[in-house]
**Q** 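Before I ask anything, here is the structure I am working with.
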Amino acid sequence: MNTSVLIVDDEKEIREMLKAYFSLEGYTVYTAKNGAEALEKISAGCDLILLDVNMPEMDGYEVCERIREFVNCPILFLTARIEEEDKVRGFRCGGDDYIEKPFGMMELKERVAAHLRRQQRGREPEAVGFAGEFTISYSARQVRFGSEAVRLTKTEYEIVEFLSRHKNQVFTKEMIYERLWGFDKDGEDSIITEHIRRIRQKLGKYSDETMVETVWGVGYRWIG
């Protein structure tokens with residue numbers, strides 16, 4: 001079984017229990033302890049998300065609202081809150097089901113399996129990355145700030161995609177140039193400096209947060 005599940009819960013014991021259980025069932029399991037970490041893990045792609053509602057800073061509803069436009073996989077809320085208004089809010093923001101805590105592992109397993117069966121198989125998960133308020137849709141080759149598209153050239157987007165897919169890794173201008181155009185492309189790698197400047201200028205119109213950091217004497221890295 002080559003099916004992946006992302007488990008998002010701020011309680012370590014629950015994360016570890018669910019990871020151990022679904023790993024034994026043959027799933028590839030990713031975990032996240034909060035909403036921000038979940039946004040990072042989602043960029044790796046997953047087939048189903050188990051999402052705790054009651055998390056500090058960014059709760060499960062906020063995470064769901066943030067990702068639903070870009071992620072098609074089932075999202076199952078894990079919650080001790082099961083009032084009707086909570087269910088309505090969860091379904092409105094894009095959730096597919098509720099699992100009430102405490103839950104039985106057999107029931108949870110069968111619900112997960114049922115939702116996965118309803119998914120269209122053979123369709124790859126949407127590739128997407130998140131950086132602050134920016135969303136990078138790798139499939140659509142587009143960067144957006146909220147609902148507004150950031151106007152990047154083809155080369156600017158390719159640099160953003162390359163760096164953001166390798167977050168916190170440092171690349172020299174030569175490495176970026178070779179990754180984009182190969183060894184045989186005529187031109188100077190100093191052109192990368194100009195592209196980076198333009199990318200920063202365009203992203204800077206929307207946010208003061210630094211996305212591309214200069215590592216002096218070495219190169220650049222994505223820290224968004």
Side-chain angles (χ1 to χ4, degrees), residues 6-10 30 32-79 85-97 123-169 194-214 220-224:
L6 173 62
I7 298 165
V8 187
D9 200 299
D10 62 335
Y30 305 99
K33 62 181 180 293
N34 54 45
E37 189 173 319
L39 296 181
E40 292 188 9
K41 296 293 180 68
I42 286 166
S43 64
C46 55
D47 297 297
L48 182 141
I49 300 171
L50 293 174
L51 181 58
D52 182 33
V53 169
N54 300 312
M55 295 185 294
E57 297 184 18
M58 186 187 302
D59 66 21
Y61 297 130
E62 293 177 83
V63 174
C64 187
E65 288 173 349
R66 182 82 186 274
I67 68 176
R68 184 38 100 192
E69 186 176 353
F70 310 97
V71 175
N72 295 319
C73 72
I75 298 175
L76 281 60
F77 287 115
L78 303 175
T79 181
E85 59 265 27
D86 297 312
K87 287 185 176 182
V88 169
R89 182 182 178 189
F91 292 134
R92 282 180 175 173
C93 72
D96 295 285
D97 203 353
R123 188 166 125 191
E124 292 187 7
E126 171 74 7
V128 61
F130 297 91
E133 293 298 313
F134 291 101
T135 304
I136 307 167
S137 176
Y138 298 120
S139 302
R141 295 176 60 83
Q142 185 181 65
V143 177
R144 287 200 279 181
F145 184 83
S147 61
E148 185 174 354
V150 180
R151 298 176 65 87
L152 298 176
T153 66
K154 176 177 178 293
T155 298
E156 289 164 359
Y157 169 78
E158 288 174 350
I159 292 173
V160 167
E161 176 175 341
F162 174 61
L163 293 178
S164 64
R165 282 184 181 272
H166 301 85
K167 184 178 178 181
N168 292 324
Q169 295 185 39
E194 177 61 18
H195 283 305
I196 294 291
R197 185 190 70 79
R198 290 172 182 256
I199 290 169
R200 285 172 171 162
Q201 184 181 56
K202 291 181 179 181
L203 298 183
K205 292 179 180 178
Y206 299 90
S207 172
D208 293 331
E209 186 176 355
T210 299
M211 297 291 129
V212 183
E213 180 183 66
T214 299
Y220 304 100
R221 66 180 169 191
W222 184 270
I223 61 171

**Q** Is it the case that the side chain of S207 and the backbone of G204 share a donor-acceptor pair, with hydrogens and angles ignored and the cut-off at 3.5 Å?
**A**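 No, because the side chain of S207 does not come within donor-acceptor range (under 3.5 Å) of the backbone of G204.
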
**Q** Could you tell me whether the side chain of M55 reaches within less than 4.5 Å of the side chain of V8, counting heavy atoms only?
**A** yes

**Q** Just to verify, what does F130 make a side chain to side chain contact (heavy atoms under 4.5 Å, CB included) with, not counting sequence neighbours?
**A** L39, I42, R66, I67, F70, V128, T135

**Q** Please enumerate all residues that pass side chain to side chain donor-acceptor pair (under 3.5 Å) together with T214, with sequence neighbours excluded.
**A**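 For T214, the residues satisfying side chain to side chain donor-acceptor pair (under 3.5 Å) (neighbours in sequence not counted) are R200.
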
**Q** What pairs with Y220 under ring-ring contact (aromatic ring centres under 6.0 Å, His included), at least two apart in sequence or on another chain?
**A** none

**Q** Below 3.5 Å, can you tabulate the donor-acceptor pairs from side chains in residues 146-154 to any protein atom, sequence neighbours excluded?
**A**
{"residue": "E148", "atom": "OE2", "partner": "Y206", "partner atom": "OH", "Å": "3.4"}
{"residue": "T153", "atom": "OG1", "partner": "E156", "partner atom": "N", "Å": "3.1"}
{"residue": "T153", "atom": "OG1", "partner": "E156", "partner atom": "OE1", "Å": "3.4"}
{"residue": "K154", "atom": "NZ", "partner": "E158", "partner atom": "OE2", "Å": "2.7"}

**Q** When you compare the side chain of F77 with that of C93, does any pair of heavy atoms fall below 4.5 Å?
**A** yes

**Q** Give a yes or no on whether the backbone of D86 and the side-chain of Y61 come within a donor-acceptor separation of less than 3.5 Å.
**A** yes

**Q** Per the side chain to side chain contact (heavy atoms under 4.5 Å, CB included) rule, which among N168, I223, I199, V212 passes with L163?
**A**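 Considering N168, I223, I199, V212, a side chain to side chain contact (heavy atoms under 4.5 Å, CB included) with L163 is found only for V212.
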
**Q** Return the minimal non-hydrogen interatomic distance between C73 and C46, and the atom names on each side.
**A**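 Distance-wise, the nearest heavy atoms are CB-O, 3.8 Å.
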
**Q** With rounding to the nearest 0.5 angstrom, report the CD to CH2 distance, Q169 to W222.
**A**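 So the CD of Q169 and the CH2 of W222 are separated by 14.0 Å.
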
**Q** Between CD1 of I7 and CG of L51, what distance do you get to the nearest 0.5 Å?
**A** 11.5 Å

**Q** I need the I49 CD1 to I75 CD1 distance, nearest 0.5 Å.
**A**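 Atom-to-atom, I49:CD1 and I75:CD1 are 4.5 Å apart.
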
**Q** Tell me whether the count of non-hydrogen atoms from other residues, nucleotides or ligands lying under 6.0 Å of NZ in K202 goes above 12.
**A**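 Atom NZ in K202 is packed in, count exceeds 12.
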
**Q** R198 vs E194, test: salt bridge (charged side-chain N to carboxylate O under 4.0 Å, His left out). Steps then yes/no.
**A** CA-CA 6 Å; R198 290 172 182 256; E194 177 61 18; 2.9 Å; yes

**Q** The criterion is ring-ring contact (aromatic ring centres under 6.0 Å, His included); which residues satisfy it with Y30, sequence neighbours excluded?
**A** none

**Q** Quick check: closest heavy atoms across G132 and E209, and the distance to 0.1 Å?
**A**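 It is CA-OE1, 3.8 Å.
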
**Q** Decide yes or no on side chain to side chain contact (heavy atoms under 4.5 Å, CB included) for L203 and F145, but give the supporting numbers first.
**A** CA-CA 9 Å; L203 298 183; F145 184 83; over 6 Å; no

**Q** Would you please name every residue forming a side chain to side chain donor-acceptor pair (under 3.5 Å) with R92, sequence neighbours left out?
**A** none

**Q** Name all residues meeting the side chain to side chain contact (heavy atoms under 4.5 Å, CB included) criterion together with N34; count only those two or more places apart in sequence or in a different chain, and write none if there are none.
**A** A36, E37

**Q** Is there a side-chain contact between D10 and P56 in this structure, where contact means two heavy atoms from C-beta onward sitting under 4.5 Å apart?
**A** yes

**Q** For N54, give me all partners under side chain to side chain contact (heavy atoms under 4.5 Å, CB included), at least two apart in sequence or on another chain.
**A**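 Checked N54 against side chain to side chain contact (heavy atoms under 4.5 Å, CB included); matches are T79, R81.
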
**Q** So, using side chain to side chain donor-acceptor pair (under 3.5 Å) as the criterion, who are the partners of E213 when residues are at least two apart?
**A**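 E213 satisfies side chain to side chain donor-acceptor pair (under 3.5 Å) with R221 only.
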
**Q** Supply the atom-to-atom distance D97 CG to L78 CG, rounded to the nearest 0.5 angstrom.
**A** 10.0 Å

**Q** Nearest 0.5 angstrom please: K41 NZ to L6 CG, how far?
**A** 7.5 Å

**Q** May I have all residue pairs that pass salt bridge (charged side-chain N to carboxylate O under 4.0 Å, His left out) and include part of residues 52-62, sequence neighbours excluded?
**A**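 Residue pairs with at least one partner in residues 52-62: D52-K101.
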
**Q** If every non-hydrogen atom of C64 is compared with every non-hydrogen atom of G95, which pair is closest and at what distance?
**A** SG-N, 3.6 Å

**Q** For atom NZ of K33, decide whether the heavy atoms of other residues, nucleotides or ligands shown that lie under 6.0 angstrom number more than 12.
**A** no

**Q** Residues in ring-ring contact (aromatic ring centres under 6.0 Å, His included) with F162, at least two apart?
**A** H166, F171

**Q** Could you work out, with salt bridge (charged side-chain N to carboxylate O under 4.0 Å, His left out) as the rule, every residue matching E40, not counting sequence neighbours?
**A**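 K167.
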
